[in-house]
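Below is one structure; the comments refer to it alone.
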Amino acid sequence: QKDTFIYSVGALIVIENLHDKHNQTFLRGHDTEVSAITVSNNGRMLASGQKGSTFQKTPEAPVILWDFDQKKPIFLLKGLQGNVKFLTFSPDDRFLAAYGENNMLIIWDTRDGGSVHTRMV
């Protein structure tokens with residue numbers, strides 16, 4: 001979105017209007033610090049990943065796929081542990097790739113949230 005700045009503060013994602021710092025939207029869904037954020041090429045989706053949760057038995061580091069316009073989660077994507085290090089959308093926004101601290105690369109289909117490829121790298 002034009003004139004929009006997106007950043008994280010702890011477990012929150014902040015979407016801020018560059019011309020009015022009081023015009024902010026907060027996305028809540030993570031339970032620990034957000035470690036990666038990316039916006040889809042068409043601007044309709046946002047993906048965010050977090051550091052491994054200390055509230056789970058394993059250091060699960062989920063990725064949330066958000067509807068940018070509605071500011072609501074679409075899918076909670078799992079499989080990474082420790083820390084989400086990198087997120088990127090495919091050029092057509094059909095897929096979301098994520099790389100985690102556990103050296104796992106996962107590619108999800110953004111239409112249904114299903115994992116289409118998982119690989120240790």
Side-chain angles (χ1 to χ4, degrees):
Q1 301 278 354
K2 188 179 178 184
D3 300 326
T4 301
F5 183 51
I6 302 168
Y7 59 97
S8 65
V9 176
L12 290 176
I13 297 168
V14 182
I15 302 171
E16 181 177 308
N17 183 303
L18 289 174
H19 303 291
D20 180 4
K21 66 181 181 179
H22 300 290
N23 183 357
Q24 299 176 335
T25 302
F26 300 96
L27 303 182
R28 294 170 174 86
H30 293 286
D31 63 5
T32 62
E33 184 178 340
V34 173
S35 58
I37 299 173
T38 191
V39 178
S40 65
N41 298 295
N42 65 13
R44 294 183 184 152
M45 293 177 285
L46 174 80
S48 58
Q50 71 175 51
K51 291 186 174 184
S53 178
T54 57
F55 302 104
Q56 307 295 325
K57 290 182 181 178
T58 59
E60 188 79 25
V63 171
I64 301 176
L65 184 63
W66 303 88
D67 180 306
F68 191 87
D69 292 330
Q70 301 215 359
K71 311 294 189 271
K72 295 187 186 241
I74 302 170
F75 298 114
L76 179 66
L77 308 168
K78 295 187 175 186
L80 299 177
Q81 291 186 352
N83 190 5
V84 176
K85 293 189 168 243
F86 183 77
L87 294 166
T88 190
F89 285 93
S90 63
D92 63 359
D93 295 326
R94 182 173 171 193
F95 301 103
L96 173 66
Y99 175 71
E101 190 174 85
N102 61 340
N103 295 322
M104 185 70 68
L105 171 70
I106 303 176
I107 300 173
W108 293 282
D109 189 318
T110 59
R111 296 173 301 172
D112 63 13
S115 172
V116 295
H117 184 76
T118 302
R119 179 180 184 176
M120 289 289 280
V121 291

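Along the sequence shown, residues are numbered consecutively beginning with 1. No experiment lies behind these values; they were computed from the predicted model shown.
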Flag, side chain of T110 to backbone of R94, donor-acceptor distance under 3.5 Å =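 Yes, the answer is positive, given that a donor and an acceptor are paired below the 3.5 Å cut-off.
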
When you group the ILVMFWY residues by side-chain heavy-atom contacts below 4.5 Å and let the links chain together, are [Y] and [X] in the same group?
X	Y	result
L76	L96	no
L87	W66	no
W108	F68	no
F75	V84	yes
L80	M120	yes

Restricting to side chain to side chain donor-acceptor pair (under 3.5 Å), what partner residues turn up for [X], sequence neighbours left out?
X	result
N23	none
E60	none
D92	S90
T32	Q50

Closest non-hydrogen atom pair between [X] and [Y], with its separation:
X	Y	result
L65	A47	CD1-CB, 4.3 Å
G82	E101	CA-OE1, 3.6 Å
A11	D31	CB-C, 4.4 Å

Nearest-0.5 Å distance that lies between atom [atom1] in [X] and atom [atom2] in [Y]:
X	Y	atom1	atom2	value
I74	I64	CD1	CD1	11.5 Å
D69	L46	CG	CG	11.5 Å
L12	Q24	CG	CD	10.5 Å
T4	L18	OG1	CG	6.5 Å

Among Ile, Leu, Val, Met, Phe, Trp and Tyr joined by side-chain contacts under 4.5 Å, find the other residues sharing a cluster with I107 and list them by chain and number.
-> F95, V116

When you look at F26 and K71, which way does the side chain to side chain contact (heavy atoms under 4.5 Å, CB included) test go after all the steps?
-> CA-CA 8 Å; F26 300 96; K71 311 294 189 271; over 6 Å; no

Who passes side-chain contact (heavy atoms from CB on, under 4.5 Å) against [X], sequence neighbours left out?
X	result
D112	D109
D93	S40, N41, N42, M45, F89
H19	D3, N17

Qualifying salt bridge (Lys or Arg N to Asp or Glu O under 4.0 Å) pairs, either residue in residues 19-28, two or more places apart =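 Found none.
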
May I ask you to test the I106-H117 pair for a side-chain heavy-atom distance under 4.5 Å?
-> no

Tell me, do I37 and S8 make a side-chain contact under 4.5 Å, heavy atoms counted?
-> yes

Any side chain to side chain donor-acceptor pair (under 3.5 Å) involving residues 72-83? Give me the pairs, sequence neighbours left out, ordered by first then second residue.
->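 As it turns out, the side chain to side chain donor-acceptor pair (under 3.5 Å) pairs with a partner in residues 72-83, which skip direct neighbours, are S35-N83.
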
With sequence neighbours left out, write down each residue that passes salt bridge (charged side-chain N to carboxylate O under 4.0 Å, His left out) with E33, or none if nothing qualifies.
->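 Here the qualifying residues are K51.
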
Tell me, please, which residues at least two apart from F86 pass ring pair (Phe, Tyr, Trp, His ring centres under 6.0 Å).
->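 Per chain and number, F86 pairs via ring pair (Phe, Tyr, Trp, His ring centres under 6.0 Å) with no residue.
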
